[in-house]
Amino acid sequence: MKKEYTNIQTFLDDIHDQLSVKDIILDMGLIEKKDMKGDFTNCIFHDGDNTPSLQIKDNFWKCYACGAKGDLIKFIQI
């Protein structure tokens, strides 16, 4: 049965509950598994990142060098 959403926050909550940001990013090939050091990798949003500063967890990501952060939707938008 198709689920109908009456508000965007419920839709986004369902996406976050069902999809892992880390799994999607790896599945899309945006970052290679071999480049990950635990939850960290080099940031793909700015040049010159020589140390792993981009943390990718299940429901969020954050670069501690450039300050970029967000959820899966924001990652795809950038």
Side-chain angles (χ1 to χ4, degrees):
M1 181 173 175
K2 184 172 91 172
K3 183 173 182 179
E4 292 186 26
Y5 293 95
T6 56
N7 101 26
I8 190 71
Q9 191 58 50
T10 305
F11 173 71
L12 292 174
D13 289 344
D14 278 358
I15 287 175
H16 291 146
D17 289 344
Q18 296 173 20
L19 301 173
S20 163
V21 172
K22 188 174 187 178
D23 291 341
I24 297 296
I25 290 169
L26 291 171
D27 288 348
M28 291 174 66
L30 298 172
I31 296 173
E32 296 292 323
K33 179 80 171 162
K34 65 182 172 82
D35 296 332
M36 296 290 296
K37 313 273 190 289
D39 289 334
F40 286 86
T41 189
N42 293 1
C43 184
I44 62 173
F45 301 112
H46 68 275
D47 294 328
D49 189 19
N50 297 324
T51 59
S53 60
L54 178 64
Q55 182 182 30
I56 304 173
K57 297 291 263 180
D58 289 335
N59 293 322
F60 75 93
W61 56 272
K62 179 179 181 179
C63 177
Y64 290 93
C66 71
K69 63 183 176 183
D71 58 7
L72 178 62
I73 305 296
K74 181 73 171 178
F75 191 91
I76 293 170
Q77 285 177 335
I78 294 178

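One is the number of the first residue; the rest follow in order along the sequence.
Residue pairs meeting the salt bridge (charged side-chain N to carboxylate O under 4.0 Å, His left out) criterion with at least one partner in residues 50-61, sequence neighbours excluded, are D39-K57. Pairs engaging residues 65-78 under the side-chain hydrogen bond (donor to acceptor under 3.5 Å, both in side chains) rule: H16-D71 [sequence neighbours left out]. Sorted by first and then second residue, the ring pair (Phe, Tyr, Trp, His ring centres under 6.0 Å) pairs with a member in residues 18-45 read F45-W61, F45-F75; sequence neighbours excluded.
Every residue was checked against the side chain to side chain donor-acceptor pair (under 3.5 Å) condition with D47, not counting sequence neighbours, and none meets it. N50 is linked by a side-chain contact (heavy atoms from CB on, under 4.5 Å) to nothing, counting only residues two or more places apart in sequence or in another chain. Partners of S53 by side-chain contact (heavy atoms from CB on, under 4.5 Å), not counting sequence neighbours, listed by chain and number: C43, H46, D49, C63, A65.
The closest side-chain heavy-atom distance from I31 to L54 is below 4.5 Å. Counting heavy atoms from C-beta on, the side chains of D35 and N42 never come closer than 4.5 Å.
Rounding to the nearest 0.5 Å gives a distance of 15.0 Å between CD of Q55 and NZ of K37. Taking CG from L72 and CD1 from I25, the interatomic distance works out to 7.0 Å, rounded to the nearest 0.5 Å.
Two different hydrophobic clusters hold F60 and I44 under the rule that ILVMFWY side chains link at heavy-atom gaps under 4.5 Å. Linking Ile, Leu, Val, Met, Phe, Trp and Tyr whenever their side-chain heavy atoms come within less than 4.5 Å puts I56 and L30 in one cluster.
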